[in-house]
Amino acid sequence: MLCALLAGTFSMTSCTDYLEKDAESVLQKEDAFKNFNNFQGFVEVMYNVIPDVAKSHWTSCFNWGEDEVHTFDSSWANSVFIAMVDNGNYRGYINNSSCYLDRPWAVDQIPGSAGARFDKSLWGGGWYAIRQANIGLKALEDGLLTDATQEQRDLLKGQMLFFRAWFYFELCTYWGGLPYITEPLEPGAQFDLPRETFQECAEKMAADFEEAAKLLPVNWDNTRTGQQMGKGNNELRPNKIWALSYMGKALLYAGSPLMVNGIDATGDTYKYDATYCKRAADAFGQVLDMVEKGQCQYALVPFEEYHTLFWTQKQNWLMPGGTEAIMRSTCFGADSYWRQANVYQIKEIANGDGIVLCPAANYVDYFGMENGLPLDADGSGFDKTHPWKGRDPRFYYNFRFDGQKLYSGDATEESQKPFQYANLYEGGNGIQDLHRSRTGYFEYKFISDDCNLIDNGHSGWSNAFHIHLSWLRLADVYLMYAEAADMGYGGAKGKSSTCSLTAEDAVNRIRERAGVADVDARYTGDANKFMDEIRRERAVELSFEAHRFNDLRRWKLLTVYPYNIKTRVKFDRVPGANIDPATDALHPGLDITVDPKENEVKNFREEVIIERKLTAKHYWLPFKNEDVMINSAFKQNPGW
């Protein structure tokens, strides 16, 4: 498979919808590079193979850390990749439709079709795109482009360098170092290149990203070529911000504990490479300097518009992300994919297929208090008799907890009426291993309150309900800058010369947006304690956006307690003073006249429901056996 992708035949289908060309056009080698329009069509094949994280299948599965729990004990549920990770079966990614790592892959799918999104694969598509980039870069070098301005030449080269480095970054993130190929291999050539280390690859990624940043504009709309393509239609094209951000990310990963210390060493979660971290902070700092000065199109969205980062509704299929989305995958045509919204809800009020994804209770615990303190900190104010009170505002955005209303309309089906309110107390009808919550919470980050059968806010073309996740958004850049500056420039007060923000300032920018108090002074005097708060902030702000698994791996925490467990909460309701007899039979002890944040509970505790028996080998995914048999220099990852 790998050899075929690296040295495939020369044919390509352009993502021509993106430039409003004939969707069936196919370019032959002698025509592909003669002018800018044809060359750009060749380049845009790489856009089409970027997986769409949130729409990879009818039941999406993209959170593989300790963050999410899925329905238990069914053949379909056990085939979802999250279950396989919980069981240590990393080989389960192979040809698995529930995740975007590896699936039956074909580049010639019609863009926008169901088959295209179901078939997009990071492994197959990544190697295809890398070869595509190398073919194009060689064509530029050989002078095959004869009809183009210098600006157009720069844009073409910048895109190809970006995509080569980006696909390498994503591949290396999961599988470790790979051969970093910069020339198109001839069909039939013997593939005998050895694997490089992650850090060796990261140096080459960083060089590609850095050169791309020099060639690409901050905003395509401000270029003559971008205006010709259609002003306002260029936000999904790589630009200087993308390139600098991913340059920083590649260098931060290279300086992170896993890449610095390897899989076997223990007790080294704070042992970073300071030089890599400084370089990463410098790259991120260039981005944040432009953002802070208003010199680019990116900005944090206000918290009242927070949902627009993840979903839109009744906006003609507007792609979510707003001014905060940096890199997103392309999305063709009108696509609701509302079925995916059902995996977060009780089956009786949704059209789900029986799988429910809900947040692990120990992950919910990362969401501290509005005063900025972790739950277990002295003076936090957290009270187990009122566990929903005074929490970080993002807690209320992300989760539905006991006593909250799950639909507002009048249910016509008797089977739906018992589920108007979340009955998540011990013995409540919202708690169950199948079709409901296993943990005592529901996850609502990616759906609206009316996203159910009764209120009918998600299904049907008229609602235009669209879930989409960014590969990278601005909040992530702030937090990666904070991490890099903390470990590269000496703690919370550390900063790069490319940016006015300290590491502490960057974290507080994200907290301020959500209405959360700044990092408390007790955590800012020690680089490691401050790192703990950065990591907690990442868990909260970037929750369920497919980052946690990779964060735990690069921090060397995946196998370490308590990061290897998943829990549920148990508690009993304390009946309020104003119980409504008409609803008490359906929702025993629930006072529906008060704010559910104020509800009192007793016997609040957590219990472990999943313990992941992961070992050192689980820090990297295994290669397919067929790929490590290509040549003796292409080694399998340790332990596999």
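Throughout, residue positions are numbered sequentially from 1 according to the sequence presented. Computed over heavy atoms, backbone and side chain alike; hydrogens, waters and symmetry mates excluded. Since the model is a prediction, treat every value here as computed from it, not as a measurement.
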Tell me whether the NZ or CZ atom of Lys597 lies within the 45° cone about the ring axis of Tyr396 and under 6.0 Å from its centre.
yes
All pairs passing ring pair (Phe, Tyr, Trp, His ring centres under 6.0 Å) where residues 415-436 contributes a residue, at least two apart:
Tyr421-His587
Does one side chain, of Thr269 or Arg535, offer a donor that lies under 3.5 Å from an acceptor on the other?
yes
Go through Asn603 and Asp572 one step at a time and tell me if the side chain to side chain donor-acceptor pair (under 3.5 Å) criterion holds.
CA-CA 6 Å; Asn603 302 323; Asp572 302 309; 2.7 Å; yes
Cut-off 3.5 Å, side chains only: do Asn87 and Arg612 have a donor facing an acceptor?
no
Between Glu545 and Asn63, is the side chain to side chain donor-acceptor pair (under 3.5 Å) condition met? List the steps.
CA-CA 7 Å; Glu545 296 178 46; Asn63 292 305; over 6 Å; no
Can you list every pair that meets ring pair (Phe, Tyr, Trp, His ring centres under 6.0 Å) and has a residue in residues 348-381, with sequence neighbours left out?
Tyr363-Tyr366, Tyr363-Phe544, Phe367-Phe399
Ring pair (Phe, Tyr, Trp, His ring centres under 6.0 Å) involving Tyr523 - partner list, sequence neighbours excluded
none
For residues Asn423 and Asn429, is any side-chain donor paired with an opposing acceptor at under 3.5 Å?
yes
Would you kindly check if the NZ (Lys) or CZ (Arg) of Arg554 is within the cone defined by 45 degrees around the ring axis of Tyr253 and under 6.0 Å from the six-membered ring centre?
yes
Would you compute the distance between atom CG of Leu469 and atom CG of Asp52 and round it to the nearest 0.5 angstrom?
8.0 Å
Please confirm whether Trp311 and Phe446 have ring centers closer than 6.0 angstrom.
no
Under a 3.5 Å cutoff, is there a donor and acceptor pairing between the side chains of Ser462 and Lys314?
no
Run the numbers on Tyr481 and Tyr478 for ring pair (Phe, Tyr, Trp, His ring centres under 6.0 Å), then give the verdict.
CA-CA 5 Å; Tyr481 171 80; Tyr478 275 98; 8.2 Å; no
